[in-house]
Amino acid sequence: MEYQTFVLKYAEIGIKGKNRYFFEDKLVKQIERVLKNVQGEFKITKVAGRIYLAADNYDFDETIAALQTVFGITGICPAVSIERDGDSNLPDYEHLSKAVVKFMDEVYPDKNKTFKVKVRRVDKTYPKDSMELGRDLGADIKETFGMEVDVHNPDILLNVELREKVNIFSEIIPGPGGMPLGSAGKAMLLLSGGIDSPVAGYMIAKRGVEIEAVYFNAPPYTSERAKQKVIDLAGVIAKYTGKVKLHIINFTDIQMYIYEKCPHEELTIIMRRYMMKIAEMLGVEAGCQGLVTGESIGQVASQTIESLLTTNEVVTKMPVYRPLIAFDKQDIVDISLKIDAYETSILPYEDCCTIFVAKHPVTKPKLEVIKKHELNLSEKIDEMVQTAIDTDEIVVVER
Ligand code: ATP
Ligand code: MG
């Protein structure tokens, strides 16, 4: 069966009242963007709370894969659409019945299946109501192919929608859900080479937020391969967002300076405070409305609730979004696998935090104590932070 139409479903956007058009336009734009990279002739139309995609000379799998990267789409329904007969009438019953029978024949060569016809009559001018129509179409299918109806648990749920045109479809391929990209501002993601931060970035992007990212690199203690890994992980998010602007900040001097001047068991927490501070500065510069991290309560010493309080304190100009804060590791891994980040995340290259970590890092840092020890840095730290920002290496990662 070569489908010529896809009915694209989107859930949350539908309930946004008069903002609906804004969201729908963003969604259409994103669909156009991903289809630019797919061979075929496509035409998108927006009618009364529905988005239709007409497709010709296209590759089915490639098209579906592309649509599955568009946040906002909840379902992709390969469909047969029949236009109205005449100006204002829907197709007459004969025409409709023929189309439905043909659909079943072509899509399901194996007739040894149960089915149910579900009719939605949005256009109430149609002479038969949905119950009647469902029953009659069901009877026609049964008579033609000898297939049995099962109203409770059918193998095939055949949807027939009477709207501005008639849509016939049985398969609903899941989309990623969420909100269309570009409908909700921009955030700066602290992206490391681990499992958590790419998942956190994906989750926030899924809410329609544009993602810019920053990676704190510590050459020569971290390798080129560790950096490439982070670039590849930015690519996982770019698959959904088109591109990610990644800032690579050389953090070595700051790290060494903290190592030299502060108690070793506080190194990680103080480093994390400077990462946050620099990320916020970059975020302000880039016009972001928030920071994003992959932190999760209790996962490691630097993520106890006391440590989070201490790191959070340096960020004053925007909220820090931590979408994984209450997730168990396995739940994070599940998403990581689903978005194809996991294989990259578990590559064994060291990240900058593991080089100098103390044997017994503080797990309950006291803010006043940390701040007092940070005074040891006052001679050079501002200048070092400025240098780090000035030597920012920007990589634009495209899908
Ligand atoms: P991840 O899997 O995301 O690396 P993690 O369990 O290793 O997380 P931490 O190393 O404590 O956790 O880091 C917590 C968060 O801080 C990360 O999720 C990330 O958002 C940020 N972060 C840590 N290291 C870096 C880095 N080198 N560059 C950018 N962000 C970082
Ligand atoms: Mg990490």
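We count ligands from 1, going down the list as the structure has it; atoms in each ligand are counted the same way. Keep in mind it's a predicted model, so treat the numbers as computed, not measured.
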Output yes when the distance from some N or O of ligand 1 to some N or O of Phe216 is under 3.5 Å, and no in every other case. yes
What I want to know is whether Lys329 and ligand 1 share at least one N or O pair that is separated by under 3.5 angstrom. no
For ligand 1, which part of Leu189 has a heavy atom less than 4.0 Å away: the side chain, the backbone, both, or neither? neither
Contacting atoms of ligand 1, where contact means under 4.0 angstrom from a heavy atom of Leu191: 28 (N), 29 (C), 30 (N)
Nearest candidate to atom 21 (C) of ligand 1, where distance is taken over non-hydrogen atoms, out of Met271, Arg272, Gln299, Met276: Arg272
Among Gln255, His247, Arg322, Gln303, whose heavy atom sits nearest atom 14 (C) of ligand 1? Gln303
With a cut-off of 4.0 Å, which atoms of ligand 1 are near a heavy atom of Gly294? 17 (C), 18 (O), 20 (O)
Nitrogen or oxygen atoms of Val292 and ligand 1 under 3.5 Å apart: no
Please determine, by modelled atom types, if Ser307 and Thr310 share a side-chain donor-acceptor pair under 3.5 angstrom. no
Below 4.0 angstrom from a heavy atom of Ile195, which ligand 1 atoms are there? Numbered from 1 as shown, please. 2 (O)
Check Glu148 with Lys113, please: is the shortest side-chain N to carboxylate O separation under 4.0 Å? no
Please say whether Tyr215 places an N or O atom under 3.5 Å from an N or O atom belonging to ligand 1. no
Answer yes if the side chains of Thr344 and Asp232 hold a donor-acceptor pair under 3.5 Å, and no otherwise. no
Are the aromatic ring centres of His247 and Tyr215 under 6.0 angstrom apart? no
Would Met275 count as a polar contact of ligand 1, with the cut-off being nitrogen or oxygen pairs under 3.5 Å? no
Say whether Thr391 and Asn250, considering side chains only, have a donor N or O and an acceptor N or O under 3.5 Å apart. no
Taking 4.0 angstrom as the limit and counting only heavy atoms of Val214, give me the atoms of ligand 1 inside it, by number and element. 29 (C)
Which atoms of ligand 1 have any heavy atom of Asp196 under 4.0 Å away? 1 (P), 2 (O), 3 (O), 5 (P), 6 (O), 8 (O)
Give the ring-plane orientation class for Phe71 versus Tyr240, where under 30° counts as parallel, over 60° as perpendicular and anything between as tilted. parallel
Donor-acceptor side-chain pairing of Asn167 and Arg120 below 3.5 angstrom: no
Just checking, any donor-acceptor pair under 3.5 angstrom between side chains of Glu24 and Tyr10? yes
So the atoms of ligand 1 within less than 4.0 Å of a heavy atom of Thr293 turn out to be 20 (O)
Between the side chains of Glu393 and Lys227, is the shortest nitrogen-to-carboxylate-oxygen separation below 4.0 Å, so that they form an ion pair? yes
